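Here the structure is a predicted model, which is why all the values come from computation and not from measurement. Below, read A as the first sequence line, B as the second, and so on, with proteins coming before strands; counting in each chain starts at 1.
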Number of protein chains: 2
Amino acid sequence: MVVHKDQIRDDIVSVAAKIFTRFGYKKTTMEEIAMASRKGKSSIYYYFSSKEDIFKAVVEKEAEELKKDLKMAIDEVENPINQLKKFILFRMHKLKTLTNFHTALKSDSLSHFKFIENIRKEYDQDEIEIVTRILKIGIEREKFVIDDPDLAAVALVTAMKGLEIPLFINKEHGRIEDRLENLIQFLFFGLIKQ
Amino acid sequence: MVVHKDQIRDDIVSVAAKIFTRFGYKKTTMEEIAMASRKGKSSIYYYFSSKEDIFKAVVEKEAEELKKDLKMAIDEVENPINQLKKFILFRMHKLKTLTNFHTALKSDSLSHFKFIENIRKEYDQDEIEIVTRILKIGIEREKFVIDDPDLAAVALVTAMKGLEIPLFINKEHGRIEDRLENLIQFLFFGLIKQ
DNA sequence: TAGATATTCGAATATATTCTCCGAATTTCA
DNA sequence: TGAAATTCGGAGAATATATTCGAATATCTA
């Protein structure tokens, strides 16, 4: 029956996610996925049309998770400025656990998969949407002075991505929060009401 | 010149050890080893005759390290009973970092390499030797009552290996020491002078 | 229960990767 | 300068892997 089939697909995706996380796309074999799922290799092809197809499902699942958790994390905080901080920090931490989605975003050895381009765009869109919402609320509450919040959101997200790599590389976790403070001050220089 | 060549071999072995540790024998490619060593693929073949040959060098190096460190660790302790404890504990902890040697000892997907059999035998021999020495010193100092220390050493090492797996799997590090106490009591029941 | 449909898997095939070797180019050093 | 040491690109054979096929089995439906 159909429901059951989705369940098995999900199981396979979970199992595959772990293996992809450990070994990366190329070094992961269908045989491994099959064995770990306790199925025959060809049964996997009953549920997925290809290795790429499984990977796609894995990445999409991780993207969903990130999106959902991001929204939840932000809602836990009140002040829009703190929401921004939380957004940047939480995103960064969470991304470390979502290895497959993260490499899908970064790796160019994977960029020949057309689906990755779509995921990127979609995810960018989501981020901008979230930030825009935060900014607009901030403006309403007279925390921010921004003429064009849509434009500002794009700029902010872009800047954030630019800063992601140095932050990612930096191992000194304690200091990230401090630097984040500076980042926000910098990005919103003159825009935050004192 | 010859000295330089050995140096480069050593470098390659170090680099390869990391990759083998991360991905295992099969998933590691000569190309990766070459790239990580910043050499052309075929240059690697100038220094080693095959992938197996590199792996052999890696495993032998780790075996050397274990052997050396084990001896040092034991010498830091006085009482033979404590030496035994230290031997068992240290060996177990150290083995966790020497992944390639460890898998060489255990994995049967690798057992078609003839050199592995030799390494095993050699290492077993070394262990028995060390334990025998500890026992004999213990007897001299009248800590132990053992008729045949050679036989006892073999029995002890064998028992130790049997207990290795459950100890390895057990994550609760704190308790390992306690259980070790029991193990020694058990193995030497009636043999340790009170 | 029969017949249809869903699922499984072993074995075969097509494709891709990887090990290994060759030989020519470059470097080192006496 | 010339001989030996070292490097590496690229080719070919061997191996590994992804994917397909078809037959067997299980599950559902009426």
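When the C1' atom of C:dT7 is taken as reference, atom CG of A:Asp11 falls 15 Å away, rounded to whole Å. Counting to the nearest Å, the C1' atom of D:dT17 and the CE atom of A:Met30 are 10 Å from each other. Between A:Glu32 atom CD and D:dA16 atom C1' there is a gap of 12 Å when expressed in whole angstrom units. B:Ile19 has its CD1 atom 15 Å from the C1' atom of C:dT18, to the nearest Å. Nucleotide C:dC19 holds its P atom 14 Å from the CG atom of B:Asp53, rounded to whole Å. One atom, NZ of A:Lys27, and another, P of D:dT17, lie 11 Å apart when rounded to the nearest Å. Straight-line distance from the CD1 atom of B:Ile8 to the C1' atom of C:dT27: 12 Å, rounded to whole Å. Remark: C1' of D:dT15 and OH of B:Tyr25 are 12 Å apart, rounded to the nearest angstrom.
Centroid-to-centroid, the aromatic rings of B:Tyr25 and B:Phe113 come within less than 6.0 Å.
With B:Ser107 contributing its side chain and B:Ala104 its backbone, the two residues share no donor-acceptor pair below 3.5 Å.
Dashed line: the shortest gap from a side-chain N or O of A:Lys26 to OP1 or OP2 of C:dT18 is under 4.0 Å.
Within the cation-pi definition used here (under 6.0 Å to the ring centroid, within 45° of the axis), B:Lys51 does not qualify as a partner of B:Tyr45. For the pair B:Lys106 and B:Phe101, the cation-pi test (distance below 6.0 Å, angle within 45°) is failed.
Distances from the side chain of B:Thr29 to the nucleotides C:dC19, C:dT8, D:dT19 place C:dC19 closest. Closest approach to the A:Lys51 side chain among D:dT17, D:dT19, C:dT20 is made by D:dT19 (side chain taken as heavy atoms from C-beta onward).
Under the ring pair (Phe, Tyr, Trp, His ring centres under 6.0 Å) criterion, B:Phe23 pairs with no residue, sequence neighbours left out. For B:Glu60, there are no salt bridge (charged side-chain N to carboxylate O under 4.0 Å, His left out) partners, not counting sequence neighbours.
Scanning residues 37-48 of chain B for heavy-atom distances under 4.0 Å to DNA chain D yields B:Lys39, B:Gly40, B:Lys41, B:Ser42, B:Ser43, B:Tyr46, B:Tyr47.
Test A:Lys121, A:Glu127, A:Arg120 against A:Tyr123 for side chain to side chain donor-acceptor pair (under 3.5 Å) and you get one pass: A:Glu127.
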